[in-house]
Amino acid sequence: MRITIQKKLNELNRWRMQKISNRNFLIILAFLVGIIGGLAAALLKGLTHFIAATLQNDIEWQYKYSFYLILPLLGILLSVLYVRKFLKNKKMEHGITPIIYAISRKSSRIEPHNVYSQIVTSAITVGFGGSCGLEAPIAYSGSAIGSNTGRFFGLQYKEVTMLLACGAAAGIAGAFNSPIAGMIFAIEILLPEFSIPAFIPLLISAALASVVSRLLYSEPLFHTASTEWEVGALIFYILLAVIVGLYTVYFAKVSTAVKSWFSKIRNPYNKVWFSGISLGLMIFIFPALYGEGYLTIQQMLDGQFDAIVKNSLFADYRHMAGVVVCYTVLTLFAKSFASLFTLNGGGNGGIFGPSLVMGGLLGFAFAYGINQTGVVMLNVPNFVVAGMAGALAGIMHAPLTGLFLIAEITGGYTLMVPLMLVVSISYLINRSILKHSVYTKVLADSGDLLSYEDKDRTVLSMMKLRYVLETNFIILRPTETPLDRKSDIIHSKRNIFPIVDDEGKLVGTIYSERLFSILLGEEEGVDKTFDQLAQKPNDVVRDKENMEIVMTKMNKDDVWILPVVDENDRYMGFISKSSVFNKYRALLVRQGHYLE
């Protein structure tokens, strides 16, 4: 049955290649990916909010505190159980980082189960109160849709990568009803260098996803009516940008620390208990941490400045401005830990949403606090909006995404100048201190990041040693002599021979020039064993080493070829500069196609 389907698919692809050009077919698939991505976004939003509404329906606030203690824990536990019981041996990751890794190191291939697994686990996590966002999971799901659509039709790396980006753009556009931001997100995060034709399929997918999502789930993310900004407040926007930029640096460092803490906990269920109980306690004290947190931001945009305290244990003090500011700041820092605990404890979500919430809280605390001094009266909702844009730009290293996303979802186009200043300054502060974003730091540290600032290093990092390993060498044994292997030596097309013992371990190497000299009588040793004639190589390459290290070893001793061994010193083959250069040229061609 499977063979028949594959045969029919091959026939379809042959007909398609004869009748439709790759560029036109890519446009058709962009339509398809956009529609499916919009459906996925609407499904995720609807499912998450259905779970949240069901759990909170008809429960008075004073009784919700007890539910907050267990619901987030239950959500994370169910998410982990789904992965371990249903996916079993399949790998499940979350966030934007795996998407970037797939482009850099996996030929843009994403496992098909991510199309639905990301939706199920993130809906459970956030619906039960996990303090993270839905945007990264839907971007991941959309990327899986695009990647597998391209692979299904047998497309090449260039087209598959573009469809992956179309899927991510569709996911973001559908989640926020923001097609421009979805397109810019794909370009800024996934396709950092692009050509104008790349706009077309991205525009199509993002626009269609936004339309489909809005038809099926029309509730907007935020309702706001931004007012004109005042020139006199410009200095305060700049000051906010500096504070937000510094906060994004803090968040990146906390993110690294929390990930390190959780990596020391080996048992996945211990992570669930620790993160779930901690999260429940934090939500008990700071109810605004429950779920995505967008409700709190919307209340601030509506002018309900005491809302963050109103539903907490400190509700009796909500009329005290100082309490509101201090409680907001504490909630801000608690949000950073709550979101990271949710993600590292086993829940599925992203920091996209928490970035917006943290930026909004910071903008509110800043403007509302300054207003209490009586020196100046700032428009608080405008600063909430600016804080959201600045946090997103700094944490993600995506200033354009932050700018257009906030302008689209809040209707804040009248604030374009302040938003431009805030996102630029926040981004520059973070980038000057931290070279990489929270998405790319791990990949950069491991050498897996596709970087256009150092193309040589990037192309080397894309190489896998097994693809340049050469194994067609004649193996000599330590107990043999040159006379024993005279025929093999003479007819060999290689000028180097590995000497390997019976256990497969590399004893040494010997070059053909020396062997010919011995066989011709120009040098003694015709009756000596290879164990006696073996020469220790200048260096060896381990099978787990990346290509940058390999080239460093070759250049250090100015050698053209080195033997490759595993961790037990067993011989595997050789790697030469010739094979590396050939692969390098092939990858440059592929990288060029990626940028078209």
Side-chain angles (χ1 to χ4, degrees), residues 32-52 79 82 92-100 102 110-127 130 132-149 163-186 189-190 202 205-221 291-294 339 342-343 347-357 392 396 398 401 405 408-409 439:
L32 179 63
V33 169
I35 293 171
I36 300 175
L39 291 171
L43 175 62
L44 176 57
K45 290 192 294 183
L47 182 59
T48 303
H49 295 159
F50 170 77
I51 294 173
S79 180
Y82 172 86
M92 177 72 181
E93 297 175 302
H94 60 77
I96 304 299
T97 302
I99 305 175
I100 302 173
I110 297 178
E111 291 298 321
H113 74 83
N114 285 289
V115 173
Y116 55 87
S117 294
Q118 294 291 334
I119 294 174
V120 173
T121 53
S122 58
I124 293 173
T125 299
V126 178
C132 53
L134 297 172
E135 296 75 29
I138 194 55
Y140 206 146
S141 178
S143 296
I145 292 169
S147 172
N148 287 281
T149 299
L163 287 175
L164 181 152
C166 286
I172 295 298
F176 286 114
N177 287 332
S178 175
I180 296 177
M183 180 193 68
I184 293 176
F185 167 83
I189 302 297
L190 305 180
L202 289 173
S205 293
L208 282 175
S210 181
V211 170
V212 171
S213 178
R214 185 171 298 183
L215 287 173
L216 298 176
Y217 193 89
S218 59
E219 184 179 342
L221 196 61
E292 295 169 290
Y294 293 150
S339 59
T342 301
L343 299 177
N348 187 17
I351 61 169
F352 205 115
S355 300
L356 296 178
V357 174
L392 198 63
M396 294 175 53
T401 301
L405 176 65
E408 277 191 290
I409 64 177
Y439 292 146

[atom1]/[X] to [atom2]/[Y] distance, rounded to the nearest 0.5 angstrom?
X    : Y    : atom1 : atom2 : answer
S117 : E111 : OG    : CD    : 10.5 Å
L215 : L39  : CG    : CG    : 10.0 Å
I119 : L47  : CD1   : CG    : 8.5 Å
L343 : C132 : CG    : SG    : 5.0 Å
I180 : T401 : CD1   : OG1   : 12.0 Å
I110 : I145 : CD1   : CD1   : 10.5 Å

F176/F185 aromatic ring centres below 6.0 Å: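 Ring centroids of F176 and F185 are no less than 6.0 Å from each other.
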For [X] and [Y], which heavy atoms make the closest approach, and how far apart are they?
X    : Y    : result
L216 : A42  : CB-CB, 3.7 Å
I51  : A123 : CD1-O, 3.7 Å
T342 : G130 : CG2-CA, 3.9 Å
G347 : T125 : CA-OG1, 3.6 Å
A139 : I172 : CB-CD1, 4.1 Å
G350 : A136 : CA-CB, 3.6 Å

Side chains of F352 and L392 in contact at under 4.5 Å (non-hydrogen atoms):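 Sidechains of L392 and F352: in contact.
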Close side-chain approach of E292 to V357, heavy-atom, < 4.5 Å: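 When only atoms from C-beta onward are counted, V357 and E292 do not touch, as no gap falls below 4.5 Å.
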Heavy-atom neighbours of Y116 OH exceed 12 at 6.0 Å: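 Atom OH in Y116 is crowded, with more than 12 foreign heavy atoms closer than 6.0 Å.
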For the backbone of [Y] and the side chain of [X], can you confirm whether one donor and one acceptor N or O come within less than 3.5 Å of each other?
X    : Y    : result
T48  : L44  : yes
T97  : Y439 : yes
S143 : G167 : no
E135 : G353 : yes
S213 : G174 : yes

S122 and N348: CA distance, side-chain angles, deciding distance, side-chain hydrogen bond (donor to acceptor under 3.5 Å, both in side chains) verdict: CA-CA 5 Å; S122 58; N348 187 17; 4.6 Å; no
Candidate pair I96 and Y140, rule side-chain contact (heavy atoms from CB on, under 4.5 Å), full reasoning: CA-CA 7 Å; I96 304 299; Y140 206 146; over 6 Å; no
Passing candidate, side-chain contact (heavy atoms from CB on, under 4.5 Å) with N114, options M92, E93, H94: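 With N114 as partner, M92, E93, H94 yield a single side-chain contact (heavy atoms from CB on, under 4.5 Å), made by M92.
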